[in-house]
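Input: a single structure, listed below in C-alpha cells.
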Amino acid sequence: MPELPEVETIRQNLRRGGATLPSILGWNVESAQVLWARSLVMPGVDEFKRRLIGQQVVDIGRRGKFLIVELSKDALLIHLHMSGDLVVEENREPVATHCRVAIEFENGQRLAFIDARKFGRLWLTAEKETILSDLGPEPLDDAFQAQDLYRRLHAHRRRLKPLLLDQTFLAGLGNIYADEALNLARLHPLMLSNQVSAADAERLWRAIRAVIEEGIQRNGASIDWVYRGGEFQNYFRVYQRTGQPCRECGEAIQRIVIGQRSAHFCPNCQRL
DNA sequence: ACGAGCGCCTGTCGGC
DNA sequence: TGCCGACAGGCGCTCG
C-alpha cells in the first residue's frame with residue numbers, strides 16, 4: 001500500500017492517532033524482533049536491536065514514500081514498497097504471519113511491520129539525509145511550482161509515465177496516482193517530457209496536487225488484500241478501470257504496458 | 001540519457 | 001478440483 005497519500009495517512013495516524021492507528025509519540029522502545037533480516041538495509045540485526053532500546057519516539061515525518069520515525073538518537077526510515085503495512089497491537093498477541101519486524105515499547109504495545117512480499121525496507125540511522133538526498137521535490141511543497149515542473153520536464157526527453165514514477169524526478173507518485181494525474185491533465189502517458197507546453201505543465205502540476213490531495217483526504221486507496229482503511233479506490237478515473245467508460249467522455253479506458261508497468265488512460269481525452 | 005530485462009517475494013484470480 | 005500463467009500500489013541493478 002505505498003504511495004504518498006497512503007504513507008501520509010499512516011504518518012498522520014501514528015502522529016495524532018486515528019481510525020486505524022494510535023499515536024505512538026512519546027513511547028519508549030523496550031526491545032525489537034527481526035523475523036526477516038533482509039527487511040533491514042542498515043544496520044545489521046544485532047546492532048539494530050541494541051541501538052533501538054531506550055530510544056523514544058519524538059515525531060513522525062514523511063519524505064516521498066518514506067515514513068520517518070524520529071527517535072531520540074536516530075531516525076527509523078520505513079519504505080513499504082509493494083505490500084508493506086504497519087500495525088500497532090499488544091505485545092502479548094502472537095505476531096502476524098507476515099510480520100517481518102516488531103518494535104516493542106515499555107507500555108506493552110508494539111509497532112509491527114507487516115509485509116507479505118518482503119520488498120519493504122527499514123533503515124536505522126543518524127544520517128537520514130544520506131538515504132533521502134536523491135529524492136525529487138515534494139509535490140505538495142509550496143516551493144514546488146508549475147514552472148519548476150515545466151523546467152524539470154524539459155531537462156529530460158522521457159515518456160511522461162515512467163518519468164513521473166522516477167522518485168528522483170518527483171517524490172511520492174506511484175502507479176495509481178501517476179495514471180490518475182495524467183488523465184486529469186489530459187496528457188498521454190507516452191508523450192515525451194520535452195514536448196509539453198507551459199500550459200500542459202501547469203495542468204499536470206495542478207492534477208498531481210489534486211489527485212494526491214484527494215487521496216490523502218480519502219485516507220488513501222485500498223485494493224485487494226493488501227491495505228484497508230482508505231476510500232480513494234472508489235473514485236479512480238482510470239486506474240484498473242480497463243474497458244470501463246471514461247467518466248468524462250464514455251470512451252473505453254485502455255491499458256497498455258510502459259516500462260513493464262501497466263498504464264491506464266482514456267484514448268479520447270489523452271491523445272498523443 | 002534512456003529504456004529493456006531481470007531480480008526480489010508472496011498471494012490472488014481467471015482460464016482451462 | 002488442481003494446475004499455471006498473469007498480475008500486483010516499488011525499486012535497484014546491469015547492459016546496450
Side-chain angles (χ1 to χ4, degrees), chain A residues 1-10 35-42 62-67 77-86 96-101 113-123 130-136 139 152-183 189-195 208 211-212 214-216 218-243 255-264:
Chain A
M1 53 128 308
E3 295 184 44
L4 191 159
E6 289 76 30
V7 179
E8 178 62 18
T9 300
I10 291 179
L35 299 110
W36 182 254
R38 297 184 64 173
S39 295
L40 299 185
V41 178
M42 63 185 295
R62 180 191 58 73
R63 179 76 171 91
K65 301 175 192 172
F66 287 83
L67 187 76
L77 304 188
I78 303 176
H79 197 304
L80 301 169
H81 275 247
M82 293 288 267
S83 60
D85 199 2
L86 293 170
T97 311
H98 301 303
C99 180
R100 309 304 177 193
V101 177
F113 172 65
I114 314 289
D115 185 21
R117 289 179 70 182
K118 299 179 176 173
F119 289 166
R121 292 291 181 265
L122 280 68
W123 297 251
T130 314
I131 294 134
L132 304 174
S133 60
D134 287 341
L135 290 173
R152 294 180 77 87
L153 288 166
H154 278 257
H156 297 275
R157 188 175 183 275
R158 290 179 64 183
R159 301 168 302 178
L160 289 179
K161 177 65 189 292
L163 187 54
L164 290 181
L165 293 179
D166 183 338
Q167 301 299 296
T168 68
F169 179 77
L170 190 63
L173 288 183
N175 217 26
I176 293 176
Y177 295 88
D179 279 0
E180 295 295 304
L182 286 170
N183 173 261
L190 289 173
M191 186 177 184
L192 290 176
S193 60
N194 63 342
Q195 311 267 299
I208 289 167
V211 298
I212 287 176
E214 186 183 354
I216 293 171
R218 300 196 187 283
N219 298 313
S222 317
I223 298 180
D224 302 332
W225 49 281
V226 177
Y227 178 67
R228 64 275 159 211
E231 293 295 324
F232 189 53
Q233 70 281 3
N234 299 323
Y235 302 87
F236 287 164
R237 303 168 62 88
V238 288
Y239 186 77
Q240 286 192 349
R241 292 193 64 241
T242 310
R255 174 187 179 275
I256 58 176
V257 175
I258 308 173
Q260 291 131 275
R261 309 292 304 276
S262 62
H264 310 77

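Throughout, a chain's letter reflects where its sequence line sits, starting with A, and its residues are numbered from 1.
Side-chain contact between A/V41 and A/I131 is absent, with no heavy-atom pair separated by less than 4.5 Å. Two residues are said to be in side-chain contact when any heavy atoms from C-beta on lie closer than 4.5 Å; A/F232 and A/I216 fail this criterion. With a 4.5 Å cut-off on side-chain heavy atoms, A/V101 and A/D115 do not count as touching. Looking only at side-chain heavy atoms (C-beta outward), A/P139 and A/L173 stay at 4.5 Å or farther from each other.
Rounded to an integer number of Å, the gap from CH2 of A/W123 to C1' of C/dG12 is 11 Å. Rounded to an integer number of Å, the gap from A/I176 CD1 to C/dG9 P is 7 Å. Spacing between atom CZ of A/F66 and atom P of C/dC11 amounts to 7 Å, rounded to whole angstrom units. As rounded to whole Å, 15 Å separates atom C1' of C/dG10 from atom CG of A/L164. Summarising the geometry, the separation between CZ on A/R261 and P on C/dG10 is reported as 4 Å, rounded to the nearest angstrom. Atom pair A/D115:CG and C/dC11:C1' shows a separation of 13 Å (rounding to whole Å applied). Between A/D179 atom CG and C/dG9 atom P there is a gap of 9 Å when expressed in whole angstrom units. Following rounding to the nearest Å, A/E3 (CD) and C/dG10 (C1') show an atom-to-atom distance of 9 Å.
At a non-hydrogen distance threshold of 4.0 Å, A/Q167, A/G174, A/N175 from residues 167-175 of chain A come into contact with DNA chain C.
With sequence neighbours left out, the ring pair (Phe, Tyr, Trp, His ring centres under 6.0 Å) criterion links A/F169 to A/H156. With sequence neighbours left out, A/Y177 forms a side-chain hydrogen bond (donor to acceptor under 3.5 Å, both in side chains) with A/E6. Applying the ring pair (Phe, Tyr, Trp, His ring centres under 6.0 Å) rule to A/H79 yields the partners A/F66, A/H81; only residues at least two apart in sequence or on another chain are considered. Applying the side-chain hydrogen bond (donor to acceptor under 3.5 Å, both in side chains) rule to A/N234 yields the partners A/E231; only residues at least two apart in sequence or on another chain are considered. Scanning for side-chain hydrogen bond (donor to acceptor under 3.5 Å, both in side chains) contacts around A/Q233 gives an empty result, with sequence neighbours left out. For A/R218, the salt bridge (charged side-chain N to carboxylate O under 4.0 Å, His left out) criterion is met by A/E214, not counting sequence neighbours.
A/Y177 comes within contact range of no nucleotide atom at all, as no heavy-atom separation falls under 4.0 Å. No engagement by A/T242 is indicated, since no non-hydrogen atom pair under 4.0 Å with the nucleic acid exists. Within the 4.0 angstrom heavy-atom criterion, only backbone atoms of the sugar-phosphate kind lie near A/R157; the bases stay farther away.
Taking the C1' atom of each, C/dC15 and B/dA1 are spaced 14 Å apart, rounded to whole Å. Comparing B/dG7 with C/dG5, their P atoms are spaced 16 Å from each other, to the whole Å. Taking the C1' atom of each, C/dG9 and B/dG3 are spaced 22 Å apart, rounded to whole Å.
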Could you pull out the protein-nucleic contacts involving nucleotides 13-16 of chain C (nitrogen or oxygen on both sides, under 3.5 Å)?
none

Begin with the C-alpha distance, continue with both residues' side-chain angles, and end with the deciding distance and a verdict on side chain to side chain contact (heavy atoms under 4.5 Å, CB included) for A/L80 and A/K65.
CA-CA 8 Å; A/L80 301 169; A/K65 301 175 192 172; over 6 Å; no
Would you check, one step at a time, whether the test side chain to side chain contact (heavy atoms under 4.5 Å, CB included) holds for A/K118 with A/R100?
CA-CA 8 Å; A/K118 299 179 176 173; A/R100 309 304 177 193; 3.4 Å; yes
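Side-chain atoms of A/E6 come within donor-acceptor range of the base of C/dG9, with a qualifying N/O pair under 3.5 Å.
Every stem involving DNA chain C, taken as at least 3 paired positions in a row under the Watson-Crick or G-U wobble test at 3.5 Å, is listed here: B:2-8 with C:10-16, B:10-16 with C:2-8.
Between A/S262 and C/dA8 there is a side-chain polar atom (N or O) within less than 4.0 angstrom of OP1 or OP2. A/K65 has no side-chain polar atom (N or O) that falls below the 4.0 Å cut-off from OP1 or OP2 of C/dG9.
For residues 167-177 of chain A, there are no salt bridge (Lys or Arg N to Asp or Glu O under 4.0 Å) pairs, not counting sequence neighbours. Counting only residues at least two apart or on different chains, the salt bridge (Lys or Arg N to Asp or Glu O under 4.0 Å) pairs with a member in residues 159-178 of chain A are A/R158-A/D166, A/K161-A/D179.
Contact footprint of chain A on DNA chain B: nucleotides with an atom under 4.0 Å from a non-hydrogen protein atom, first to last in 5' to 3' order, B/dC2 to B/dT12.
In this structure, A/L122 CG and A/I78 CD1 are separated by 5.0 Å, a value rounded to the nearest 0.5 Å.
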